[in-house]
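Here the structure is laid out as structure tokens; the discussion comes afterwards.
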Amino acid sequence: MTSTPDLVVTRFAPSPTGHLHIGGARTALFCWAFARRHNGHFLLRIEDTDQARSSDEAARGIMEDLAWLGIDWDEGPTLQYQGRTIGGDPRSVAPFFQARRIDIYNDYINRLVEQGKAYPAFETPEELEAKRKAAVAAKQTYRYDRAALSIPPDERIRRMKAGEPHVIRLMAPAEEIVVHDEVLGDVRYAAGEMDDFVIRKADGFPTYHFAVVIDDQTMGITHVLRAQEHLNNTPRHVALQRALGFRTPVYAHMPIISNMDGSKMSKRDKAKAARAALADAMKKDASLTPAALAEKLSLDEKLIADFIAKENDSLDVAAAVARVFNVALPEIEVADFRDAGYLPEAIVNFIALLGWNPGMKLPDGKDLEKFDARFLAEHFSLDRIGKTSAKFDRAKLLAFNQDAIAALSPEDFAARWRAWCAEHAPEVLNLPPDRFAILAEAVRPRARTFRDALKPAAFALTPDDGYAFDEAAVKKVLLAPGKDNAPRGLDLLRDFTTTLRDIPATDWTPATLDAHMATFCQQKGVGPGQVAQPLRVALTGSTVSPGIGATLAALGRDSALRRIDRCLATISG
RNA sequence: GGCCCCAUCGUCUAGUCUGGUCCAGGACGCCAGGUUCUCAUCCUGGAAACUGGGGUUCGAAUCCCCAUGGGGUCACCA
């Protein structure tokens, strides 16, 4: 192993049991930024010691989520992303999947057992659970009672070697442990608080605590940045480091991100939202039995019944409910935000502000809060991480995303919206490129996310005879007598259409069309609204659409004229 | 419940370490106006907070103590 003495190495160590959680994304971002700021390495390690819940797909998904956010790792499993390779093993510290490091862990565990610093214990999970329940019932704090230590050492080892099912427990230290944390300061844990926790499970896999400590040491991790929910784990890790003779890395625990109501942001929130929507639907429609729902959602009836009864929080059911009943589920995982049409740069900016702040002013005296990953890589520091937990305010994220969308060049916005549409709304791509570009620009200030953009764009995606003319709009805008003796909307429309017919396709652009309308209005002595609104009703069926020039142009000359003709033919009077 | 952490507008926060420049600044949201062909964008203005109580000090959002509140964590999950 080659190592540079002062090389800063941070790591992000997700367990591959699902998509990347937004909170995990922030942890990864801070680890990445800290490494960049100090010209160090950011390492990605996959903690797959929970055999039942881990999967390779999940690991890959997490890597893609990170890459999408622009968080690249210098060391770790490799990923091909947009033509380049992320990851690698420049210091020879692989493997990066814990399941492939079992031999390493066992070496250290054997050493601890030989030294009497750890010992086998033979209780079954059921026995321990019973003891735990008894302690709770007696209002006592449960700690492992060291029953295994009453077995003579020789016999313990003999039974262990004979293959009797056992776990290995660390002999907890008898002294106080002080954890120095870069954001919280010294955190003290009194002697005797810690019990002899398990470091190797009966299935032979190390527990999280043990694997983390071994890996952080053998991978040369110098700085551990993680969420505060891990703070209480840290004394265990320090105890382990001392027993093993390892150094202690620098710790920095960052505040937790929670929902607006203070509850923890979790994947279960999606199930909760779906369940509420389902309950609502079932109340309104008595025919929606679990059996009927199974049909409707094309899922197993038992799964659905259990979901309703809160027996499970199946993400499949939640997703199906969202789709079929057209309800929005809260975004929790990075993939949710991507699907909803958020920009990675907006997400990065927003989550960076959840618990960190540059503390800088703009020239106009306002606080600096808009920045990108490059800025973070230059300015991120531990001492500006806050201590208070942060609530995830979607309204503010939406505002950030809207600003990020506004900051894009028209070409960039069109290209990126197109890429999103290709995945989530392919029908939009049926438009010819020039009209797509016009539509994109028209829709941009009306969209806070890519998905949002679909709504104001809808008029351009329906067939020319595929929409109805809103009755109230027709009455008010087309048929009502004009103000101040002006002609009715319908007559103005008919009149202006003559002008429109004379405009060649080559001039059919938003600016030119707007200019023609302005001229027409001047000639007729009417306000722009008196022409634009009737036109809008004819073109879209409603009184709401982008600017009239853009609306006409996004439709294209043929389509626009066809729509007006249909309106004129349909609405008479 | 034990242990641990935290405490500035509804929310994210600046200010706290190095007490006075803070009758507390910014942003989102909200409210009210304005621009505009609708919707939206955009512009202007407004309401809105130092959890409470004790200290220390000439002086406390800033330092100390207590109370209260919130959160985390107590697995052969990570």
Side-chain angles (χ1 to χ4, degrees), chain A residues 13-15 17 47-50 52-54 121 123-125 128-129 132 136 139-143 165-169 179 181 184-185 187-190 193-195 197-203 205 207-209 211-212 227-235 253 255-256 258 260 262-264 350 353-362 364-370 383 386-400 402 406 443-448 456 473 477 514 517-518 521 527-537 540 542-549 551:
Chain A
S15 76
T17 55
E47 309 217 328
D48 55 351
T49 55
D50 184 341
R53 296 196 306 147
S54 297
E123 292 89 346
T124 64
L128 292 172
E129 186 56 30
R132 195 173 299 123
V136 170
K139 295 196 171 177
Q140 302 266 308
T141 302
Y142 172 78
R143 286 195 187 85
H166 67 279
V167 299
I168 301 291
R169 289 178 181 272
V179 173
D181 185 274
L184 267 9
V187 183
R188 323 188 87 86
Y189 295 87
E193 279 297 324
M194 193 185 305
D195 72 349
F197 59 95
V198 173
I199 59 178
R200 188 173 69 194
K201 301 178 265 188
D203 66 3
F205 277 73
T207 58
Y208 157 75
H209 302 296
V212 158
Q228 262 178 39
E229 64 199 68
H230 286 290
L231 183 61
N232 292 322
N233 291 152
T234 312
H253 288 90
I256 294 199
S258 64
M260 284 303 275
S263 64
K264 197 168 167 178
F350 181 72
L353 248 11
L354 257 26
W356 185 81
N357 190 287
M360 295 179 189
K361 299 278 186 200
L362 262 9
D364 63 4
K366 296 185 173 183
D367 292 357
L368 171 70
E369 68 169 11
K370 293 296 173 67
D383 59 6
K387 297 178 178 184
T388 67
S389 65
K391 289 178 181 160
F392 194 90
D393 185 354
R394 286 189 168 70
K396 184 153 183 170
L397 204 216
L398 242 11
F400 268 52
Q402 182 169 33
V443 120
R444 183 141 81 120
R446 292 163 179 78
R448 300 201 288 181
V477 174
D514 278 335
M517 189 183 78
C521 287
Q530 286 172 277
V531 177
Q533 282 303 71
L535 198 44
R536 193 154 2 235
V537 171
T540 71
S542 83
T543 54
V544 176
S545 89
I548 207 66
T551 300

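Below, chains carry the letters A, B, ... as their sequence lines are ordered, and counting in each starts from 1. These numbers come from a predicted model, not from an experiment.
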field: Partners meeting salt bridge (charged side-chain N to carboxylate O under 4.0 Å, His left out) with A:Arg446 (sequence neighbours left out)
entry: none
- request: Respond yes when some side-chain nitrogen or oxygen of A:Lys396 is under 4.0 Å from OP1 or OP2 of B:U11, and no when none is.
  value: no
- prompt: Closest nucleotide of RNA chain B for A:His166 versus for A:Ala447: which of these residues is on the 5' side?
  reply: A:Ala447
task: Starting at atom NZ of A:Lys201, determine the distance to atom C1' of B:C77, rounded to an integer number of angstrom.
output: 7 Å
message: Regarding A:Asp195, tell me which of base, sugar-phosphate or nothing describes its non-hydrogen contacts under 4.0 Å with the strands shown.
response: nothing
- request: Respond yes when some side-chain nitrogen or oxygen of A:Arg132 is under 4.0 Å from OP1 or OP2 of B:A75, and no when none is.
  value: yes
field: Touch class at under 4.0 angstrom, heavy-atom based, for A:Gln140 against every strand present
entry: nothing
Complementary nucleotide for B:A60 - Watson-Crick or wobble, under 3.5 Å: none
- prompt: So which nucleotide does B:G1 pair with, by the Watson-Crick or G-U wobble rule with both distances under 3.5 Å?
  reply: B:C74
- request: Under 4.0 Å between any heavy atoms, over every strand shown, what does A:Lys139 touch: base, sugar-phosphate, or nothing? Just pick one.
  value: nothing
query: Would you say A:Ser389 reaches B:G70's phosphate, i.e. side-chain N/O to OP1/OP2 under 4.0 Å?
result: no
message: Just to be sure I understand the rule, does A:Thr543 reach a base, reach only the sugar-phosphate, or reach nothing, if contact means heavy atoms closer than 4.0 Å?
response: base
- prompt: Counting any heavy atom closer than 4.0 Å, what does A:Val187 reach on the DNA or RNA strands: base, sugar-phosphate only, or nothing?
  reply: sugar-phosphate
message: Let's test this: given Watson-Crick or G-U wobble pairing with both distances under 3.5 Å, identify the partner of B:C39.
response: none
field: Complementary nucleotide of B:A32, counting Watson-Crick and G-U pairs under 3.5 Å
entry: B:U44
message: Categorize A:Pro456 for me: base, sugar-phosphate, or nothing, with a 4.0 angstrom heavy-atom threshold over every strand shown.
response: nothing
- prompt: Has A:Lys366 got a side-chain N or O lying under 4.0 Å from the OP1 or OP2 atom of B:U13?
  reply: no
- request: Looking at every strand, decide which applies to A:Ser15 at a 4.0 Å heavy-atom threshold: base, sugar-phosphate, or nothing.
  value: sugar-phosphate
query: How is A:Asp383 classified with respect to the nucleic acid when contacts are heavy atoms under 4.0 Å: base, sugar-phosphate, or nothing?
result: nothing
message: What's A:Ala202 touching, base or sugar-phosphate or nothing? Going by heavy atoms closer than 4.0 Å.
response: base
task: Answer with base, sugar-phosphate or nothing: what part of the nucleic acid does A:Gly355 contact at a heavy-atom distance below 4.0 Å?
output: sugar-phosphate
message: Closest approach to the side chain of A:Pro125, judged atom by atom: which nucleotide of B:C76, B:A78, B:A40 is it?
response: B:C76
message: Base, sugar-phosphate or nothing for A:Arg200? Non-hydrogen atoms, less than 4.0 Å.
response: nothing
task: Starting from the C-alpha separation in whole Å, work towards a yes-or-no answer on side-chain contact (heavy atoms from CB on, under 4.5 Å) for A:Arg536 and A:Thr543.
output: CA-CA 6 Å; A:Arg536 193 154 2 235; A:Thr543 54; 5.8 Å; no
query: If only side-chain N and O atoms of A:Lys264 are considered, is one of them under 4.0 Å from the OP1 or OP2 phosphate oxygen of B:U73?
result: yes
- request: Could you check A:Leu354 against A:Gln402 and say which one's nearest nucleotide on RNA chain B is further toward the 5' end?
  value: A:Leu354
task: Scan A:Phe350 against the nucleic acid and name what it touches under 4.0 Å (heavy atoms): base, sugar-phosphate only, or nothing.
output: nothing
message: Regarding A:Thr124, tell me which of base, sugar-phosphate or nothing describes its non-hydrogen contacts under 4.0 Å with the strands shown.
response: base
- prompt: Picking from B:U73, B:C12, B:A78, which would you name as closest to the side chain of A:Asn232?
  reply: B:U73
message: Less than 6.0 angstrom from the centroid, inside 45 degrees of the normal: does A:Lys370 satisfy that with respect to the ring of A:Phe400?
response: yes
message: So does A:Leu231 get a backbone contact from the side chain of A:Thr234, meaning a donor-acceptor N/O pair under 3.5 Å?
response: yes
message: I'd like the C1' distance from B:U11 over to B:A47, given in whole Å.
response: 16 Å
task: Answer yes or no: side-chain N or O of A:Arg143 and base N or O of B:C74 forming a donor-acceptor pair under 3.5 Å.
output: no
- request: Pick base, sugar-phosphate or nothing for A:Arg394, based on heavy-atom distances below 4.0 Å to the nucleic acid.
  value: nothing
field: Atom C1', compared across B:A49 and B:A7: separation rounded to whole Å
entry: 12 Å
field: Watson-Crick or G-U wobble mate for B:G69, both contacts under 3.5 Å
entry: B:C6
task: Could you give the distance separating B:C64 and B:G29 at their P atoms, to the nearest angstrom?
output: 37 Å
task: Return yes if some donor-acceptor pair links the side-chain N/O of A:Ser545 with the main-chain N/O of A:Thr551 below 3.5 Å, else return no.
output: no
field: Closest nucleotide among B:C6, B:A14, B:C37 to the A:Asp514 side chain
entry: B:C37
message: Would A:Asp195 and A:Tyr142 count as a side-chain hydrogen bond (donor to acceptor under 3.5 Å, both in side chains) here? Give the steps.
response: CA-CA 9 Å; A:Asp195 72 349; A:Tyr142 172 78; 5.8 Å; no
